[in-house]
There are 2 protein chains.
Amino acid sequence: MSAPTLREVTRQAARERISDVAIELFIERGYDATTVEEIATAAGISERTFFRYFPTKDEVFFSRAAADTQTLIDHVTARPADEAPWVALQAAVDSTLLELDRAENSDRSRTYRTVLAHSADLLAHQFTRLSDALTAISDTLWERWAAAEDPTDPDAKILIRTLVSSALGAVNEVMSFAEDRTPAERRRLVHNTLSAIRPARPDLGGSTAG
Amino acid sequence: MSAPTLREVTRQAARERISDVAIELFIERGYDATTVEEIATAAGISERTFFRYFPTKDEVFFSRAAADTQTLIDHVTARPADEAPWVALQAAVDSTLLELDRAENSDRSRTYRTVLAHSADLLAHQFTRLSDALTAISDTLWERWAAAEDPTDPDAKILIRTLVSSALGAVNEVMSFAEDRTPAERRRLVHNTLSAIRPARPDLGGSTAG
DNA sequence: GCATTCGTGGCAGTGACTGTCACCATGTTG
DNA sequence: CAACATGGTGACAGTCACTGCCACGAATGC
């Protein structure tokens, strides 16, 4: 987009260095047991400066871990605009999982999940992040649906939200409770679960498989 | 059950008095803007004593607001043990909504939702509470299913979890985004949404309506 | 009457933040 | 080159949720 200033580049580099150090500490001793002061000292800065780079302690974790939900959002956006919401969503979930299961990605995300699972605090914030993703995806799908159908329909938005909620829930459950399965197995589980859902109204995208 | 000690009765009374005062303050000036010290002072106790009655600040809120999820759990438990998971869940959701929509209940829960919606912090904890409910309900349904079918099936537990996740998600979405509808309308929305979900496997409870 | 136990308040401390200020290294301008 | 504005930084004090510790007083048990 716009030319990044020297300052912006430096700042971004600093951010990454801090989060590298932080995540290393999180893995080593857990999120809760790591203080911001320790992160700052390990990164060679003061605690005050840490908070100039990250608004909260958990942001330093999610700055790296949030890639997954963003990928899903991107894949939804990449779908053809005239596709029905539920069809687009299913396809986006499929292709997102396929992408995330690639090589080095899965190592990284397994590590993050471990850190996440050991901190109730972090987990709580993860839920609100999922909730934000739900809103982002639902809004995108709703706008597209509204352009083609009836933008004044009062039920559509909420029905779309529940569909997205189900999809995110399914992915989250499988990722959390089927860590030991192969990526292909996980994808199959998610796919089967989503296939069993047929939107309450055909205009939202009834199953194409009859 | 067991005879409540005099101490237990006094303690419970104190807890209720504190949470009454606290929730009044939350409504008046918002959750985040209310400090524990203010609650304690208003209740005529010290801050230290407050934390002997409630482990955290949000607990004082949820001690009153958690009734809804507990009602759902109860209704699931009340279902016949041999009923398929998804059938039991749908029925439990229906009857729970019916019960919660009764008279004075809905005023109270609207107030709570208002407080909740204005605090990101509180909302995050609400999600973890929903997650706990998800686990409780899923465990109950799984145990029943396992007794009748195959307890060693590796997929069952996770498939049940995704079903419960969808159900809770649907209820949550409707309650959050259809506040302005009539209770009957909300129940219809939830019911329709859940009817559109057919478990990936018939043993988990395919729709009875063909 | 005395000891034990329990509920309470006071107080100090921790950890995540925020506001303020002074310092210093920039880069800019005359 | 000197005066100046700009922005990043650390030090410090303060807030708020929460915890551990101790001492006091009141109810309880023998």
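Chain naming here is simple, since letters A, B, ... match the order of the sequence lines and numbering starts at 1 in each.
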**Item:** Worked check of salt bridge (charged side-chain N to carboxylate O under 4.0 Å, His left out) between Glu59(A) and Arg129(A)
**Value:** CA-CA 11 Å; Glu59(A) 196 67 26; Arg129(A) 290 194 153 252; 3.1 Å; yes

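- As a whole-Å value, the separation of Arg17(B) CZ from dG7(C) P is 15 Å.
- One finds the CZ atom of Arg144(A) at 7.0 Å from the CG atom of Leu141(A) (value rounded to the nearest 0.5 Å).
- Contacts of Phe54(A) with the nucleic acid, taken as non-hydrogen atoms under 4.0 Å apart, are absent.
- No salt bridge links Glu149(A) with Lys157(A); every basic N to acidic carboxylate O contact stays at or beyond 4.0 Å.
- Within the 4.5 Å cutoff, the side chain of Asn172(A) has heavy atoms near those of the Phe127(A) side chain.
- Of the charged side-chain nitrogens involved, at least one lies within less than 4.0 Å of a carboxylate oxygen, so that Glu185(A) and Arg188(A) count as a salt-bridged pair.
- Rounded to a whole Å, the CZ atom of Arg11(B) is 10 Å from the C1' atom of dG7(C).
- Between atom CZ of residue Phe61(B) and atom CG of residue Asp121(B) there is a gap of 12.0 Å, rounded to the nearest 0.5 Å.
- Atoms CZ (Arg15(B)) and P (dG7(C)) sit 14 Å apart, rounded to a whole Å.
- The existence of a salt bridge linking Asp68(B) and Arg113(B) is excluded, since no basic side-chain nitrogen approaches an acidic carboxylate oxygen closer than 4.0 Å.
- Atom P of nucleotide dC18(D) and atom OH of Tyr53(B) are separated by 18 Å, given to the nearest angstrom.
- Atom CG of Leu122(B) is separated from atom C1' of dA17(D) by 14 Å (rounded to the nearest Å).
- To the nearest angstrom, C1' of dT15(D) lies 12 Å from CD of Glu38(B).
- For the pair Glu16(A) and Ser63(A), the minimum side-chain heavy-atom distance is 4.5 Å or more.
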Could you list all N or O pairs between the protein and nucleotides 26-30 of chain D that sit under 3.5 Å apart?
none

Atom pairs, protein N/O to nucleotides 15-22 of chain C N/O, distance under 3.5 Å:
unit_1  : atom_1 : unit_2   : atom_2 : d
dA16(C) : OP1    : Lys57(A) : NZ     : 3.2
dA16(C) : OP2    : Val36(A) : N      : 3.1
dC17(C) : OP2    : Lys57(A) : N      : 2.5
dG19(C) : N7     : Arg48(A) : NH2    : 3.1
dG19(C) : O6     : Arg48(A) : NE     : 2.6

